[in-house]
Amino acid sequence: MEPAQAGQVVVIGSGLIGRSWAMVFAGGGFRVKLYDVVQQQITTALEYISKEMKELEKSGMLKGTLSAEKQLSLISGCTDLKTAVEGAMFIQECTPEKLELKKKIFGQLDLIVNNDVILSSSTSTLLPTKLFTGLKHVKQCIVAHPVNPPYYVPLVELVPHPETEPSTVDKTHALMKKIGQSPVRLIKEIDGFVLNRLQYAVISEAWRLVGEGVISPADLDLVMSDGLGMRYAFIGPLETMHLNAEGMTNYCERYREGMIHVLNTFGPVPDFSGEIEQQISQAMSEKTPADPEHLNARRAGRDECLMGLAKLKKQMKSN
Ligand code: NAI
């Protein structure tokens with residue numbers, strides 16, 4: 001990552017995800033305007049970012065090559081949209097997950113932006129055709145869906161609208177790489193994108209296994225955290241197949257029938273309610289009571305583990 005990049009990025013919405021994006025872009029050396037409709041939100045966000053960056057610097061986990069002080073000097077707050085987007089090369093929208101609100105914001109942006117800036121949304125669930133259809137600048141629009149917390153989990157799903165120019169996808173991909181994220185391209189939109197489709201497949205089978213009395217909720221989670229998850233932090237499911245036999249073709253020859261047999265025993269989509277919900281909720285609450293204090297402590301623990309894992313992955317790559 002080079003210091004002091006040319007160009008300015010605008011982050012719209014200074015909540016959980018907007019703050020993280022601001023930190024990631026500043027880490028890449030970009031000037032960042034953090035825009036929000038609520039001044040107090042911006043003030044709180046800037047305080048949070050300052051505290052986080054200083055702590056990250058102390059623990060050696062600050063992204064990029066610039067000091068925390070220099071990165072902080074690149075981020076400023078703004079409550080006027082027109083001023084915020086002036087001279088911007090990339091706009092990352094991070095407002096609440098409400099279609100009408102996001103459509104209104106992209107409609108406002110459509111009226112004031114030039115033909116070069118990229119308009120990107122952090123949405124987790126809204127399809128590009130729902131968000132961007134009809135915009136004058138639709139060629140410049142894309143979804144760049146991060147994973148929480150984006151500072152430690154670098155994946156970004158890039159999802160184009162059918163009318164998005166290929167150069168918009170390429171430029172966004174290059175920008176994400178430059179700021180140290182790990183972008184993947186979806187060739188076309190699909191409900192849940194890819195990450196959540198995989199996640200929901202796992203969640204639904206987990207739910208069925210507990211519901212059918214095969215395993216306890218705590219042990220189910222261990223299957224992932226001490227089993228599959230260990231491997232998946234480094235190698236995806238397709239490469240796992242390739243390595244677990246003498247290559248993919250050999251894996252399919254050996255395990256095709258067995259996989260199909262097991263997959264045919266999977267039950268229907270669960271309704272995620274009733275007795276099974278109560279059983280799982282009770283088990284989860286025994287470990288972490290569902291109040292803000294305990295949940296926040298556990299989230300902080302999770303982030304610390306993710307930070308350690310990110311560090312390890314970086315070390316292993318540089319070896
Ligand atoms: P949040 O509720 O923490 O933050 C939303 C921010 O938007 C608030 O600061 C609010 O004041 C501001 N806002 C509201 N209306 C606005 C407007 N008209 N103009 C400018 N700012 C406005 O939400 P969060 O969690 O940061 O989510 C933002 C987006 O990121 C959503 O689309 C969400 O689906 C997506 N996302 C969230 C993830 C998560 O785990 N929280 C993960 C990946 C994506």
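Whatever order the structure lists ligands and atoms in, that order sets their numbers, starting from 1.
- Ion pair Glu97/Lys102 flagged as a salt bridge, since at least one NZ, NE, NH1 or NH2 atom sits closer than 4.0 Å to an Asp/Glu carboxylate oxygen.
- When the options Val159, Leu126, Val143, Leu131 are evaluated for a side-chain contact (heavy atoms from CB on, under 4.5 Å) with Glu189, the one that passes is Val159.
- Among all protein heavy atoms, the one lying closest to atom 7 (O) of ligand 1 is Pro96 CD, 3.4 Å.
- Under 4.0 Å is where a charged nitrogen must lie from a carboxylate oxygen, and between Arg185 and Asp170 at least one such pair does.
- When non-hydrogen atoms are compared, ligand 1 lies under 4.0 Å from the side chain of Leu101 (C-beta onward) but not from its backbone.
- Contact annotation: Arg19 has no heavy atom less than 4.0 Å from any atom of ligand 1.
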Going through the checks in order, is the side-chain contact (heavy atoms from CB on, under 4.5 Å) test met by Trp21 and Ile179?
CA-CA 10 Å; Trp21 271 123; Ile179 60 174; 4.2 Å; yes
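- Against a heavy-atom cut-off of under 4.0 Å, Lys102 is close to the following atoms of ligand 1: 31 (C), 32 (O).
- His161 and Thr133 form a side-chain donor-acceptor contact under 3.5 Å, judged by distance and modelled atom types alone.
- On a distance-only criterion, Glu93 and ligand 1 share no N/O pair closer than 3.5 Å.
- For the atom pair CD1 of Ile91 and OG of Ser121, the computed distance is 12.0 Å after rounding to the nearest 0.5 Å.
- Distances from atom 44 (C) of ligand 1 to the heavy atoms of Ala84, Ser20, Ser122 put Ser122 nearest.
- For atom 16 (C) of ligand 1, the closest non-hydrogen atom of the protein is Val37 CG2, 3.5 Å.
- Note: no N/O pair closer than 3.5 Å links Tyr35 and ligand 1 by distance alone.
- Of the candidates Ile17, Thr95, Asp36, Leu195, the one placing a heavy atom closest to atom 12 (C) of ligand 1 is Asp36.
- Residues Ile12 and Leu99 share a hydrophobic cluster, clusters being chains of Ile/Leu/Val/Met/Phe/Trp/Tyr side chains in contact below 4.5 Å.
- The shortest N or O to N or O distance between Ile12 and ligand 1 is not below 3.5 Å.
- With a 4.0 Å heavy-atom cut-off, ligand 1 is reached by no atom of Thr125.
- At the top of the distance list for atom 36 (N) of ligand 1, counting protein heavy atoms only, stands Ser124 OG, 3.3 Å.
- At the shortest separation from atom 40 (O) of ligand 1 among protein heavy atoms lies Asn148 CB, 3.2 Å.
- Remark: atom 18 (N) of ligand 1 lies closer than 4.0 Å to at least one protein heavy atom.
- Linking ILVMFWY side-chain heavy atoms closer than 4.5 Å, directly or via other members, places Ile215 and Met284 in a single hydrophobic cluster.
- Here Leu46 contributes atom CG and Ser14 contributes atom OG; the two are 7.5 Å apart, rounded to the nearest 0.5 Å.
- Nearest protein heavy-atom contact of atom 1 (P) of ligand 1 is Gly15 CA, 4.0 Å.
- A salt bridge does not link Lys139 to Glu163: none of the charged side-chain nitrogens sits closer than 4.0 Å to a carboxylate oxygen.
- The proximity of Lys104 to ligand 1, defined as any non-hydrogen pair under 4.0 Å, does not occur for either the backbone or the side chain.
- With salt bridges taken as basic N to acidic carboxylate O contacts below 4.0 Å, one links Arg208 and Glu205.
- Taking only nitrogen or oxygen atoms, main chain and side chain alike, His145 does not reach within less than 3.5 Å of ligand 1.
- Near Glu97, meaning under 4.0 Å from one of its heavy atoms, ligand 1 places the atoms 31 (C), 32 (O), 33 (C), 34 (O).
- Interatomic distance, Ile235 CD1 to His242 NE2, rounded to the nearest 0.5 Å: 11.0 Å.
- Residue, atom and distance of the protein heavy atom nearest to atom 43 (C) of ligand 1 are Pro146 O, 3.3 Å.
- For atom 8 (C) of ligand 1, the closest non-hydrogen atom on the protein side is Gln41 NE2, 3.4 Å.
- Here the heavy atom of the protein found nearest to atom 3 (O) of ligand 1 is Leu16 N, 3.1 Å.
- Using a 4.5 Å heavy-atom threshold, the side chains of Asn196 and His145 count as touching.
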